[in-house]
There are 2 protein chains.
Amino acid sequence: MPKLGVEPIRRQALVKATITEIGAAGSLDVTVSKIARRAGMSSALAHHYFGGKEQILLAAMRHILVLFADEVRSQIASARTPAERLDAILRASFASPNFTAEVIAAWLNFYVLAQANPEALRLLTVYRRRLQSNLTYALRPMVGAAAADKAEVIGALIDGVYIRQSLRAGAMGGDDALAMLRRTVDHMLPGADQRKTAEMVDGAMT
Amino acid sequence: MPKLGVEPIRRQALVKATITEIGAAGSLDVTVSKIARRAGMSSALAHHYFGGKEQILLAAMRHILVLFADEVRSQIASARTPAERLDAILRASFASPNFTAEVIAAWLNFYVLAQANPEALRLLTVYRRRLQSNLTYALRPMVGAAAADKAEVIGALIDGVYIRQSLRAGAMGGDDALAMLRRTVDHMLPGADQRKTAEMVDGAMT
DNA sequence: TGATTGATTGACTCGTCAATCAATAAAAAT
DNA sequence: ATTTTTATTGATTGACGAGTCAATCAATCA
């Protein structure tokens, strides 16, 4: 093989090109040829490495999910208190490179893909569970038994802001979205203004 | 056909068949032939009445938006207080015939369509604005200047619950969704400070 | 050096689908 | 009764796209 170890590079290039193409087209109606051309190779080679269009799409999806997971992990790493942990998740959700027109369009279309493709559904379910778990873990010390429920609400809210962002017209930027989320989440916590109340409840719970 | 005035019937049948097909396929990759067959006619006739696939899809979209608008209007009609008006909107959002797997799948795909189709984008924008307006109108007497902001949050939350519902696994029913929304909205209203804390502690104990 | 093997592609197949059209049937209008 | 209008479809066309394959090309290894 000429130039050994080209495979991972090609795969990476194809995955990135796929996300770009989906962003440009706004749908999954993206030809393998276009993806391959954007990645600088022939469509035959794309098939050679991935086996088929479906698997290219799934790889792109996994890539985005990993990207998001990494961002969450990185943001959470420096969080000390539950409140900081919660905010870290919000930051990860609305900071680049996640809250980009391209990536948001991809998310939206992955939801569509999950309608017909079991593996895509599985991936999204895993993402959803992990987000729920992270949120609940951060919320429990603050709101106790209500954590799961509130995590569900925040999760839905994040998804909602994402989908609305996909209609660029009248949508807000990542910073605005983050601010809105923070405000709303704040309202859901005990003693919205003073964090003291939160600590009280926290103490009572644990 | 002989039988004059068949056109509206055919159009209606095609629109309903389109929604069903989108629901079944989970995507917009729905052939005109399949739609037409389900509606009991040839694909050529579908083209004859609508001019093309795109316009069939847009007609289906308009149908769903009108359905939703009618439901909201109908629910709001009997509302006396702002709180009732607010609840009416929530009921309209999560009651059949709006909160159906079929219709939800259609919504999701219309968001995708809006990525590429200006008319679809326009329709969704109109829907969004109307929802925002209705929510704000109901909220203003309750929260004053914060109405617009809170309306935005509730709107996003509704969209988020919808999109999550589209992944049937682990999703909640319409009643649960409605209950969750009510609880959340309740927390966003004034007087929630006292009620909230009480509820919190109460919830922690039960 | 020469065999091996991965990398790479152009050309081709096969299927699908949107859109069109010519033809037919039948009610309505004249 | 004949013409017009509306309804309807089977057949066809033209385009496009996924996937395959046989054939190169070049680095590595024995």
Side-chain angles (χ1 to χ4, degrees), chain A residues 1-61 109-110 112-113 116-117 119-120, chain B residues 1-61 109-110 112-113 115-120:
Chain A
M1 88 244 328
K3 282 201 195 142
L4 239 154
V6 173
E7 173 158 352
I9 295 162
R10 294 276 146 167
R11 290 179 81 103
Q12 172 89 0
L14 281 169
V15 161
K16 293 189 99 172
T18 302
I19 293 167
T20 305
E21 277 300 318
I22 292 176
S27 80
L28 297 173
D29 287 342
V30 166
T31 70
V32 175
S33 300
K34 269 192 182 172
I35 293 173
R37 198 175 324 131
R38 189 184 288 270
M41 69 195 84
S42 72
S43 73
L45 194 54
H47 277 96
H48 172 67
Y49 281 127
F50 277 99
K53 182 181 182 179
E54 190 174 295
Q55 284 166 274
I56 298 178
L57 293 178
L58 287 173
M61 197 168 160
N109 280 285
F110 291 154
V112 171
L113 185 59
N117 186 308
E119 175 66 4
Chain B
M1 163 194 281
K3 282 208 192 140
L4 242 150
V6 173
E7 174 158 351
I9 295 162
R10 294 277 155 175
R11 290 178 83 103
Q12 172 89 1
L14 281 169
V15 161
K16 293 188 99 172
T18 302
I19 294 167
T20 305
E21 277 301 317
I22 292 177
S27 80
L28 297 173
D29 288 342
V30 166
T31 70
V32 174
S33 299
K34 270 192 181 172
I35 294 173
R37 199 175 324 134
R38 189 183 289 270
M41 69 196 83
S42 73
S43 73
L45 194 55
H47 276 96
H48 172 66
Y49 281 126
F50 278 98
K53 182 181 181 177
E54 190 174 295
Q55 284 165 274
I56 298 179
L57 293 178
L58 287 173
M61 198 168 159
N109 281 286
F110 291 153
V112 172
L113 185 59
Q115 303 294 308
N117 187 308
E119 175 65 5

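So you know, we letter chains A, B, ... as the sequences are listed, proteins then strands, and number each from 1.
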- Message: Which residues in residues 15-35 of chain A have a heavy atom closer than 4.0 Å to any atom of DNA chain C?
- Response: none
- Task: Could you check A/L57 against A/I22 for side-chain contact (heavy atoms from CB on, under 4.5 Å), going step by step and ending with a plain yes or no?
- Result: CA-CA 10 Å; A/L57 293 178; A/I22 292 176; 4.0 Å; yes
- Note on the structure: Sorted by chain and residue number, the side chain to side chain contact (heavy atoms under 4.5 Å, CB included) partners of B/A17 (sequence neighbours excluded) come out as B/I35, B/R38, B/A39
- What's the NZ-P distance between B/K53 and C/dT20, to the nearest Å? 15 Å
- Note on the structure: When rounded to the nearest 0.5 Å, the distance separating CG of A/L28 from CG of B/D29 is 8.0 Å
Between the protein and nucleotides 8-11 of chain C, are there any N/O to N/O pairs under 3.5 Å, and if so, what are the atom names and distances?
residue : atom : partner : partner atom : Å
C/dT8   : OP1  : A/R10   : NH2          : 3.3
C/dT8   : OP2  : A/Y49   : OH           : 3.4
C/dT9   : OP2  : A/S42   : N            : 2.9
C/dT9   : OP2  : A/S42   : OG           : 3.2

- Could you pull out all residues at least two apart from A/E54 that satisfy salt bridge (Lys or Arg N to Asp or Glu O under 4.0 Å)? none
- Protein-nucleotide distance (B/H47, atom NE2; C/dA18, atom P), rounded to Å: 7 Å
- Item | Exercise: identify the closest heavy-atom pair between B/A59 and B/F50 | CB-CE2, 3.4 Å
- Note on the structure: Axis-to-axis angle for the helix from C/dT1-D/dA30 to C/dT30-D/dA1, ends of five pairs each, to 10°, equals 10°
- Message: If I take atom CZ in residue A/F50 and atom P in nucleotide C/dA7, what distance separates them, rounded to the nearest angstrom?
- Response: 13 Å
- Item | side chain to side chain contact (heavy atoms under 4.5 Å, CB included) against A/K16, all qualifying residues, sequence neighbours excluded | A/Q12
- Query: How many angstroms lie between NZ in B/K53 and OG1 in B/T18, if you round to the nearest 0.5 Å?
  - Reply: 10.0 Å
